[in-house]
Amino acid sequence: MSNVSWATLALEAEISRSYLSQLEKGVYHVSIKVIGRLADKLDVEPDEFLKRTAKRCRAK
């Protein structure tokens with residue numbers, strides 16, 4: 001599911017577009033369940049989300 005829109009990703013992961021947007025902005029903390037859904041739909045391992053977070057934290 002590469003090159004997918006936010007709306008399609010949210011639909012496929014069974015979350016709202018608004019919630020997905022707020023996760024991206026850091027408004028909410030994401031659950032392991034949602035990380036799993038997103039990873040599954042994006043065909044990546046769940047730990048990829050954690051690696052990106054760690055990189056952002058180090059940059060600050």
Side-chain angles (χ1 to χ4, degrees):
M1 186 176 227
S2 62
N3 225 5
V4 64
S5 73
W6 283 110
T8 301
L9 177 60
L11 180 66
E12 293 290 322
E14 300 176 10
I15 60 176
S16 72
R17 289 179 297 168
S18 174
Y19 181 64
L20 182 59
S21 174
Q22 291 170 335
L23 287 176
E24 180 190 21
K25 294 175 186 175
V27 174
Y28 293 115
H29 295 284
V30 67
S31 70
I32 296 297
K33 185 175 183 177
V34 171
I35 286 176
R37 287 181 189 167
L38 293 170
D40 182 53
K41 299 305 173 188
L42 293 169
D43 198 29
V44 298
E45 292 298 318
D47 68 334
E48 289 298 315
F49 293 98
L50 302 175
K51 290 177 186 175
R52 291 184 186 128
T53 300
K55 287 179 184 176
R56 285 188 205 146
C57 289
R58 278 185 258 150
K60 290 182 179 179

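Heads up: numbering here begins at 1 and tracks the sequence.
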Please check if the number of heavy atoms outside Glu45 that lie under 6.0 Å from its CD is greater than 12. no
Are Val34 and Tyr19 side-chain neighbours, meaning at least one heavy-atom pair lies under 4.5 Å? yes
With side chains defined as the heavy atoms from C-beta onward, is the minimum distance between Leu42 and Val4 less than 4.5 Å? yes
Would you name the heavy atoms of Lys41 and Glu12 that are closest together and state the gap between them? CE-O, 3.0 Å
Would you say Leu23 and Leu11 are hydrophobically clustered, going by side-chain heavy atoms of ILVMFWY under 4.5 Å? no
Looking at Ala13 and Leu38, what are the two nearest heavy atoms and their distance? CB-CD2, 3.8 Å
Within the structure provided, determine whether Lys25 and Gln22 are in side-chain contact (heavy-atom separation under 4.5 Å). no
